[in-house]
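Below is one structure, written out as structure tokens; comments come after it.
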Amino acid sequence: MRKTLVRIVIESAWIPHCICCLLALIGCIPLLWPELASPQLQASIQPYAGPCILGAATCSAALLTISCVRFLLRMQNLRALGQLVAWAAQWGIAVLIFIQMAIEADIPSPYEQEEASQPIQQTATLHTPTDKLTGPAALAIPIEPDKYSDTTIEQADSLVKLEREHEELLADFLSKSPRWAFAPNSDTFYTQPGHVVLVPPATGGIPGTVHACFRSVTEGERLPAGFIVATPGSTFPETEDAAGVPDIALELSGKHYLLLAWRGTKHRETACKALNAAIAAIDSRMQRLAESPTPETAAALCEGKRCIHGNKPELRVNEPNGQYGVYQAVVYANTGVPGTLLLVIRDTESGQSLRVFSFPSRYSNDPDELFRHDIPGTTENWMRDSAIAPAATIFPQGAPYFAIRLGESHQYFGVTFEVQFVPRGADGTQAQLLLRRNYTVQAYESAAAE
């Protein structure tokens with residue numbers, strides 16, 4: 001009877017093979033999804049998961065060996081080959097299931113993690129600082145001109161409503177908004193840092209950009225030379241050159257004007273569509289304030305969205321179009337504990353520190369929550385800048401942009417951005433390196449800073 005049972009098991013080995021595969025997969029569950037049971041139950045089950053998998057694989061392999069040897073001794077080579085194929089198929093399917101389970105459970109890589117000297121985003125590549133920033137201080141705003149007309153100026157209902165009904169609130173918001181408060185008050189604002197640039201998608205090279213800022217004009221004052229006053233809903237004004245594109249001062253039915261200057265290709269249709277897309281983009285960002293015209297809404301717009309979903313620190317750097325040598329940066333991180341974040345910018349050749357920013361870390365207990373940290377900070381007492389270079393003092397305090405060093409524009413050099421974290425109570429020697437990334441940047445023109 002015993003011999004008969006052994007013979008049946010050996011000759012029908014695919015059945016115990018499948019049982020072994022099933023046991024191995026069941027043993028994977030507490031490793032992949034520890035949240036499926038209480039911590040106490042997991043603690044009691046998890047030590048046996050590994051031995052269960054190893055035991056199932058060992059038993060299956062032993063059974064395979066015995067079965068194949070028996071068939072080979074009986075000159076049944078075809079059956080021995082069939083056993084090998086069946087074993088490979090069964091365990092191959094089990095491995096595929098295991099891989100899919102691992103992907104769904106999002107388990108960490110079993111391979112050795114990056115060393116502390118090579119943190120997230122470490123690379124020898126010099127990146128161009130053109131990351132899209134979405135915070136309330138971002139000076140570069142993407143637009144889609146193809147959706148708009150090239151004959152009639154776009155309506156700006158939210159802006160007009162704010163100007164007509166809540167002029168003081170609009171003026172106060174524009175004076176505090178990190179995006180608008182530092183616009184240069186000059187006729188050629190589009191050549192100065194600090195104004196908003198609206199960027200259409202690149203199609204074989206960017207055809208142009210729309211430069212924008214708000215200007216308050218009291219009675220007796222004149223608009224910048226070359227700007228033509230226009231109203232929302234009117235026809236685009238003509239210039240002396242029929243194909244030319246005018247600089248527009250969009251009248252908002254009050255003392256505020258939205259100045260819009262297209263710089264790029266002189267193709268009128270392209271430019272007019274881009275100007276309309278810019279008006280719509282700016283107006284949509286004012287809609288929330290128009291619908292809820294309160295100081296609290298204005299403060300919320302100045303603060304912006306504080307966090308995003310994610311579990312790895314991120315660094316984003318941007319050089320707004322046409323503002324050479326001027327940079328903005330955002331760090332998304334969640335340190336889990338209070339402390340100070342540092343952004344250290346070093347010259348890649350000499351290793352010299354060119355700029356150092358330090359700022360309090362935002363944090364929570366949620367590992368999938370990353371908090372936004374603007375560089376420089378745009379709220380009072382938010383950012384402390386170590387003035388280790390002349391470039392640290394050339395822009396107004398609180399401005400949402402910075403220069404790395406003074407020199408000649410278009411003279412490019414490599415820098416390394418390092419994000420470090422110092423827990424509260426620790427000194428600078430205990431800083432943790434969160435990430436490092438290399439960029440190719442340019443100096444801010446010395447003459448412009450004088």
Side-chain angles (χ1 to χ4, degrees), residues 108 112-123 127 129 131 133-138 178 299-300 302-318 327-348 351-389 391-393 395 397-404 415-439:
E112 183 178 354
Q113 298 299 307
E114 297 180 9
E115 298 178 2
S117 61
Q118 294 183 333
I120 300 168
Q121 294 188 7
Q122 162 66 20
T123 174
H127 296 274
D131 298 325
L133 309 186
T134 57
C302 289
E303 172 64 25
K305 186 178 180 181
R306 288 174 53 115
C307 59
I308 62 173
H309 182 79
N311 52 32
K312 291 184 179 180
E314 294 184 24
L315 169 67
R316 302 177 187 177
V317 181
N318 183 270
Y327 297 93
Q328 293 185 297
V330 174
V331 173
Y332 286 98
N334 184 351
T335 57
V337 294
T340 301
L341 283 172
L342 300 172
L343 179 66
V344 182
I345 305 176
R346 306 181 193 275
D347 188 290
T348 53
Q352 175 188 4
S353 295
L354 302 176
R355 297 298 302 273
V356 178
F357 299 93
S358 62
F359 40 97
S361 172
R362 290 173 167 173
Y363 64 95
S364 73
N365 295 325
D366 186 352
D368 294 323
E369 190 174 39
L370 297 175
F371 289 91
R372 191 193 85 244
H373 303 82
D374 299 309
I375 317 297
T378 55
T379 57
E380 186 177 1
N381 298 325
W382 173 248
M383 180 274 298
R384 299 185 301 279
D385 179 13
S386 299
I388 62 173
T393 57
F395 295 135
Q397 180 67 25
Y401 46 89
F402 61 94
I404 295 175
V415 293
T416 298
F417 281 66
E418 288 185 359
V419 180
Q420 304 174 10
F421 172 64
V422 181
R424 180 180 295 173
D427 56 36
T429 60
Q430 297 173 289
Q432 305 169 14
L433 186 59
L434 299 185
L435 59 90
R436 178 192 289 120
R437 201 173 191 189
N438 301 320
Y439 288 90

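When a residue number appears, it is its place in the shown sequence, counting from 1.
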Requested in this report: Could you give me the CA-CA distance, side-chain angles and deciding distance for T335 and Q432, then say whether side-chain contact (heavy atoms from CB on, under 4.5 Å) is met?
Outcome: CA-CA 10 Å; T335 57; Q432 305 169 14; over 6 Å; no
Query raised in the report: Is it true that Y439 and Y327 have ring centroids separated by less than 6.0 Å?
Result: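 Y439 vs Y327: aromatic centres not under 6.0 Å.
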**Report entry** Trace of the side-chain contact (heavy atoms from CB on, under 4.5 Å) decision for L341 with Y363
**Finding:** CA-CA 11 Å; L341 283 172; Y363 64 95; over 6 Å; no
Query raised in the report: Is there a donor-acceptor contact under 3.5 Å from the side chain of N318 to the main chain of D131?
Result: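 Yes; judged by distance alone, with no hydrogens or angles, the pair exists.
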Query - Gap separating the CG atom of L343 from the CG atom of L434, nearest 0.5 angstrom - result: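 Reported value, rounded in 0.5 Å steps: 11.0 Å.
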Requested in this report: Take F417 and L435, measure what side-chain contact (heavy atoms from CB on, under 4.5 Å) needs, and give me the verdict at the end.
Outcome: CA-CA 8 Å; F417 281 66; L435 59 90; over 6 Å; no
**Report entry** All side chain to side chain donor-acceptor pair (under 3.5 Å) counterparts of E418, not counting sequence neighbours
**Finding:**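 For E418 the side chain to side chain donor-acceptor pair (under 3.5 Å) partners, ignoring immediate neighbours, are R346, Q420, R436.
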Going by heavy atoms in the side chains, are [X] and [Y] under 4.5 Å from each other?
{"X": "R437", "Y": "V317", "result": "no"}
{"X": "N334", "Y": "S364", "result": "yes"}
{"X": "S361", "Y": "P338", "result": "no"}
{"X": "R372", "Y": "P136", "result": "yes"}

**Report entry** Test applied, side chain to side chain contact (heavy atoms under 4.5 Å, CB included); reference residue, T416; option that passes from L354, T348, V344
**Finding:**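 Among L354, T348, V344, the one meeting side chain to side chain contact (heavy atoms under 4.5 Å, CB included) with T416 is T348.
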**Report entry** Residue pair F395 / A403: nearest heavy atoms and the distance that separates them
**Finding:**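 Shortest heavy-atom contact: CE1-N, 3.7 Å.
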Report summary line: In terms of heavy-atom contacts, P313 and A333 come closest through CB-CB, 4.4 Å
